[in-house]
Amino acid sequence: MILYFSGTGNSLAISRQLAERLNEQVMPLGLAVKHDLLQERRIGLVFPSYWFNAPRAVTELLLRLRIPKDAYVFIVIPCGAQAGNAIWTVRRMLAANGIEVAYSHKVRVPDNSAVGFGRNPNDQVWKFDRYAGRLERIAADIAAGVRRCHYAWWGLPGALCAIPAVLRRTLPMLTPAVNPDKCIACGICRDVCPQDNITLVGGKALCGTDCAQCLACVHFCPQQAVELGHKPTPQAHQYHHPNVTVADMR
């Protein structure tokens, strides 16, 4: 079983590719915590790194996850460049419950947070071809039961980004808000939000306080009504994995 957390589809697409090669099934991590997975012999965790670490939404869900202690557990991190402390953090969390991570790796993908800094994630689609071979090697390693953790070390950038004072200053840069003048209440942002953090109130979408900064709402909004830092979202800079649709994210 491969469990994923995805905002713009990168983790979902990689989970599907791995599942096809490994004859596994995929399931959203948010749904997996509602199931008993104690009979699974192989568990994959596929999630991005945010601010050089595992997303808060992922770590909170992992505390509720029920998986066997003797399963072959692997982690794959889709990321713009650096996995940061994401693997290190999750390995420690699982080890505290007696679960060993046997294998880990990363795959570089377009950085969907780039839009928050005025860059275009679509300029990074070259990563799909460049790192396709790595995904094949990862699948082969997992199929062979290789036990080796790549990119699992502690790093200073991840530690610094986790400091509360730093988070208070940086998270607002990637926390979306709905521009009511552009919103048509189509509900797409609500449907793709993995946190169920968006509601429709008075004919407009409204973001709550449980944001994971995955930016699904920013990238999938057809009206570019979800903005970061009250700056317009250029349509040309909206990104989602080319093989993932709104329907896939619901």
Side-chain angles (χ1 to χ4, degrees), residues 1-50 53-55 57-79 83 86-91 93-95 97 99-110 112 127-128 131-152 192 194-195 212 214 216 240-245 247-250:
M1 180 68 72
I2 300 178
L3 314 178
Y4 68 89
F5 178 86
S6 193
T8 54
N10 289 328
S11 295
L12 172 54
I14 286 176
S15 295
R16 286 173 167 174
Q17 292 176 68
L18 288 173
E20 181 180 359
R21 289 157 177 78
L22 298 171
N23 193 28
E24 292 283 359
Q25 295 180 310
V26 301
M27 181 183 294
L29 185 56
L31 180 60
V33 299
K34 301 176 183 179
H35 287 72
D36 185 342
L37 302 177
L38 293 176
Q39 302 304 314
E40 296 291 334
R41 307 314 306 157
R42 183 165 59 186
I43 299 286
L45 301 173
V46 181
F47 56 87
S49 63
Y50 294 165
N53 216 324
V58 169
T59 57
E60 290 178 352
L61 288 169
L62 288 178
L63 291 174
R64 300 161 49 197
L65 188 65
R66 294 176 294 169
I67 59 176
K69 293 185 178 181
D70 59 347
Y72 178 90
V73 178
F74 65 90
I75 298 173
V76 177
I77 305 290
C79 56
I87 296 171
W88 178 83
T89 295
V90 172
R91 284 184 75 197
M93 288 184 62
L94 295 179
N97 289 326
I99 299 170
E100 178 189 3
V101 174
Y103 183 86
S104 64
H105 221 308
K106 74 173 184 179
V107 179
R108 291 186 65 184
V109 295
N112 62 354
K127 293 178 181 177
F128 291 131
Y131 294 101
R134 173 172 291 182
L135 188 60
E136 294 295 338
R137 291 194 298 273
I138 290 172
D141 283 349
I142 296 169
V146 171
R147 306 184 76 87
R148 182 177 180 183
C149 287
H150 303 265
Y151 304 103
V192 300
Q195 296 293 93
C214 73
H240 61 81
H241 192 281
N243 295 331
V244 173
T245 67
D248 294 324
M249 300 298 296
R250 287 175 170 155

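Residues satisfying the side chain to side chain donor-acceptor pair (under 3.5 Å) test with Asn23, not counting sequence neighbours, are none. Every residue was checked against the ring pair (Phe, Tyr, Trp, His ring centres under 6.0 Å) condition with Tyr72, not counting sequence neighbours, and none meets it. Scanning for ring pair (Phe, Tyr, Trp, His ring centres under 6.0 Å) contacts around His150 gives Tyr103, His105, with sequence neighbours left out.
When all heavy atoms of Ala152 and Ile87 are compared, the closest pair comes out as CB-CG2, 3.6 Å. Annotation for Val244 and Met249: closest pair CG1-SD, 3.6 Å, computed over non-hydrogen atoms. For Val90 against Ala54, the heavy-atom pair with the smallest separation is CG2-CB, 3.9 Å. Nearest heavy atoms, Ser49 versus Ala83: CB-O, 3.5 Å. Across Asp36 and Arg66, no two heavy atoms sit closer than the pair N-NH2, 3.5 Å. Here the closest non-hydrogen pair linking Ile77 and Ile75 is CD1-CG2, 3.7 Å.
Checked by atom type and distance alone, the side chain of Asp248 pairs as donor or acceptor with a backbone atom of Thr245 at under 3.5 Å. The backbone N or O of Leu22 lies less than 3.5 Å from a partner atom in the side chain of Arg42, making a donor-acceptor pair. Ser11 places a side-chain N or O within 3.5 Å of a backbone atom of Phe5 that can act as its donor or acceptor partner. Asn10 places no side-chain N or O within donor-acceptor distance of the main-chain N or O of Cys79, the cut-off being under 3.5 Å. Although no hydrogens or angles enter the test, the distance criterion places no donor-acceptor pair under 3.5 Å between the side chain of Arg64 and the main chain of Glu60. Remark: side-chain polar atoms of Asn97 are not paired, donor with acceptor, to backbone N or O of Ile99 under 3.5 angstrom.
Between Val101 and Phe74 there is no side-chain heavy-atom pair separated by less than 4.5 Å. For the pair Ile67/Glu40, no side-chain contact is recorded, criterion being any heavy-atom separation below 4.5 Å from C-beta on. Using a 4.5 Å heavy-atom cutoff, the side chains of Met27 and Leu3 are in contact. Looking at Val58 and Leu45, their side chains never come closer than 4.5 Å, going by heavy atoms from C-beta outward. Arg147 places a side-chain heavy atom less than 4.5 Å from the side chain of Glu100. Residues Val109 and Ile14 have side chains in contact (heavy-atom distance under 4.5 Å, counting atoms from C-beta outward). The side-chain heavy atoms of Gln17 and Leu135, taken from C-beta on, include a pair separated by under 4.5 Å. Annotation: side chain of Pro28 is not in contact with side chain of Pro194 (no heavy-atom distance under 4.5 Å).
The distance from atom CG of Asn243 to atom CZ of Phe128, rounded to the nearest 0.5 Å, is 8.0 Å.
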